[in-house]
Protein chains: 2
Amino acid sequence: MTTTENVTGPIPSWDPYARGCPSRDLLDQIGSKWAVLVLGELGKHGACRFTQLRHRLAGVSEKMLTQTLRTLERDGLVLRTVHPEVPPRVEYELTALGQTLRGPLKALTEWSVRYVEEVLTAREEYDGRAVKRPSS
Amino acid sequence: MTTTENVTGPIPSWDPYARGCPSRDLLDQIGSKWAVLVLGELGKHGACRFTQLRHRLAGVSEKMLTQTLRTLERDGLVLRTVHPEVPPRVEYELTALGQTLRGPLKALTEWSVRYVEEVLTAREEYDGRAVKRPSS
DNA sequence: CCGTATCCCCCATGATACTG
DNA sequence: CAGTATCATGGGGGATACGG
C-alpha cells in the first residue's frame, strides 16, 4: 500500500500484518465491540437518532455509544447531523465511505452466525478432551 | 438494563446484534487483535511452528500467542499438531472450519488497506475543524 | 434530548522468569 | 523449542451525576 502518508519518517510499504501499521489499527477500530454494532445498525436502518440507537443496542452505556460514534465520525464513516431545534435532535447515518464497509462487515457477521454452532460444538469437544487425559 | 442476560435455558433465535449473543461473542473473539493476525498468517503460509509464527507476528508476547492459539484451537479453527521428537516440534494450521474464515477476514483486511488513506484524511479534516470553531 | 465529566473496577496485555 | 507461572499496569468500559 506504499502509504506515502505524512508519517514521521520514510515508511516502507506497510505490511498489513506488522505492528503499528495504520490499516491494522484501523481494523482494530472498526472491529471493536461497539463499532461493529453501531455500523451494523446504521447499515440496516439508515439515519437514526442517539436515543433510538441506544435503545437498539441494548446494553450500551451512553459513554461508550458517544465515544464510538465520535470515533466513527472522525474516521469519516458516520455522518452526524444536528438539527437546530428546541429539543435537540441529532441523527447519525453512514457516509459513502461507511457504506463501503457494509459488505465486509456483513460477511463477517454472517460467518459468525452461520458457524457459531460448529464452534460451540468444537469447544465442548475440546473441553471434554481436556478433562479425561488419554492415560499413557 | 433489562438485557437478556445469559439465560441458561432454551435459547430463542439470537439477535446477532443483541447482548450476550453467542455469535456476537464469537465475532469479538475472531476479531480480536492477535486472532486476526494469527489467522491471517496461517491462512497465507499454511502449517507453521510456534517460534516461526512468533517471529512473523513481530511484537506478540509468548503468552498472548499461546493464549490466542489455544482459543482458536478450542474453537476448532486451528489444528495443533505435536510431533513427538526430542526437540519438541509443534505445528499450527487452519482447520476446514478455519479456512471458511479466510474469505470474510480477507475482505475486512483488504478494506482497511484500501480505505485507510481516506480515513486518515477524514481524521485530519475532523481534527482541523475541531481546532478553529466555525462561528463566534 | 443529547450529550460531557468523573470515578472506579477489572481484565486484557505485557514483561519476566522458570520448566519439560 | 514450546510452552507455563507470576506479577504489574493501563486503559476499556460501566455507573453515576451534571450541563446545554
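Every chain is numbered from 1 and lettered A, B, ... according to where its sequence line falls, protein lines coming before strand lines. Note that the coordinates shown come from a computational prediction; the quantities given were computed from them, not determined experimentally.
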Peer 1: Does B:Glu118 have any salt bridge (Lys or Arg N to Asp or Glu O under 4.0 Å) partners at least two apart in sequence or in another chain, and if so, which?
Peer 2: none
Peer 1: From CD of A:Glu85 over to C1' of C:dC2, roughly how many Å is that when rounded to an integer?
Peer 2: 13 Å
Peer 1: With a 4.0 Å cut-off on heavy atoms, is B:Pro88 in touch with a base, just the backbone sugar-phosphate, or nothing at all?
Peer 2: base
Peer 1: For D:dA2 and B:Thr51 - does any side-chain N or O of the residue sit under 4.0 Å from the phosphate oxygens OP1/OP2?
Peer 2: yes
Peer 1: Measure from the side-chain heavy atoms of B:Met64 and tell me the nearest of C:dC1, C:dG14, D:dG3.
Peer 2: C:dG14
Peer 1: Output the rounded distance in Å from NZ (B:Lys33) to C1' (C:dT13).
Peer 2: 8 Å
Peer 1: Find the distance A:Asp28:CG to D:dG12:P and express it as a whole number of Å.
Peer 2: 11 Å
Peer 1: Of the options D:dG14, C:dG3, C:dG14, whose atoms approach the side-chain atoms of A:Val90 most closely?
Peer 2: C:dG3
Peer 1: State whether A:Arg123 and A:Glu125 are salt-bridged, where the test is any N-O pair (Lys NZ or Arg NE/NH1/NH2 against Asp/Glu carboxylate O) under 4.0 Å.
Peer 2: no
Peer 1: Between A:Arg114 and A:Glu110, does at least one N-O distance fall below 4.0 Å, as a salt bridge requires?
Peer 2: no
Peer 1: Looking only at heavy atoms, which two atoms of A:Leu26 and B:Val116 are closest? And how far apart?
Peer 2: CD2-CA, 3.8 Å
Peer 1: For a quick test of reading the model: is some side-chain N or O of A:Arg49 closer than 4.0 Å to OP1 or OP2 of C:dG3?
Peer 2: no
Peer 1: Can you tell me which nucleotide in C:dT13, D:dG14, C:dC2 comes closest to the side chain of B:Trp34?
Peer 2: C:dT13
Peer 1: Estimate the overall bend of the helix from C:dC1-D:dG20 to C:dG20-D:dC1 from the end axes over five pairs each, rounded to 10 degrees.
Peer 2: 50°
Peer 1: Do you know which two heavy atoms are closest between A:Leu94 and A:Gly43, and how far apart they sit?
Peer 2: CD1-CA, 3.6 Å
Peer 1: Nearest-Å distance, CG (A:Leu53) to C1' (C:dC1)?
Peer 2: 14 Å
Peer 1: Can you see if the side chain of B:Arg80 gets near the phosphate of D:dA2 - specifically, an N or O under 4.0 Å from OP1 or OP2?
Peer 2: no
Peer 1: Quick one: do A:Lys33 and B:Asp28 make a salt bridge, cutoff under 4.0 Å?
Peer 2: no
Peer 1: Rounded to whole angstroms, how far apart are CG on A:Leu57 and C1' on D:dG13?
Peer 2: 15 Å
Peer 1: Output the single nucleotide from D:dG14, C:dG14, C:dG3 whose closest atom is nearest the side chain of A:Phe50.
Peer 2: C:dG3
Peer 1: Expressed as a whole number of angstroms, how long is the span from A:Leu65:CG to C:dC2:P?
Peer 2: 10 Å
Peer 1: Closest to the B:Thr66 side chain: D:dA2, D:dG3, D:dG13?
Peer 2: D:dG3
Peer 1: Both A:Ser32 and A:Glu62 contact DNA chain D. Which one's nearest nucleotide lies toward the 5' end?
Peer 2: A:Ser32
Peer 1: For the residue pair A:Cys48 and A:Leu42, what are the closest heavy atoms and their distance?
Peer 2: CB-CD2, 3.8 Å
Peer 1: What contact category does B:Arg54 fall into here, base, sugar-phosphate, or nothing, at under 4.0 angstrom with non-hydrogen atoms?
Peer 2: nothing
Peer 1: For the hydrophobic clusters of this structure (ILVMFWY residues joined by side-chain heavy atoms under 4.5 Å, transitively), does one cluster hold both A:Val90 and A:Leu79?
Peer 2: no
Peer 1: Give the nucleotide from the list D:dG3, D:dG14, C:dT13 with an atom nearest to the side chain of B:Gln67.
Peer 2: C:dT13
Peer 1: Given side chains that start at C-beta, do those of B:Glu93 and B:Thr81 come closer than 4.5 Å, heavy atoms only?
Peer 2: yes
Peer 1: Quick one: does any side-chain atom of B:Thr95 pair with a main-chain N or O of B:Gly76 as donor and acceptor, under 3.5 Å?
Peer 2: yes
Peer 1: Flag the pair B:Leu53 / B:Leu65 as yes when at least one side-chain heavy-atom distance between them is below 4.5 Å, and no otherwise.
Peer 2: yes
Peer 1: CD of B:Gln52 versus C1' of D:dG3: gap in Å, rounded?
Peer 2: 17 Å
Peer 1: Taking only N and O in the side chain of B:Tyr92, is any of them less than 4.0 Å away from OP1 or OP2 of D:dG3?
Peer 2: yes
Peer 1: Using a 4.0 Å cut-off on protein heavy atoms (strictly under), produce a 5'-to-3' string for nucleotides 5-10 of chain D with B for base contact, S for backbone-only sugar-phosphate contact, and - for none.
Peer 2: -BB---
Peer 1: Rounded to the nearest Å, what distance is computed from the CD atom of residue B:Glu73 to the P atom of nucleotide D:dG3?
Peer 2: 9 Å
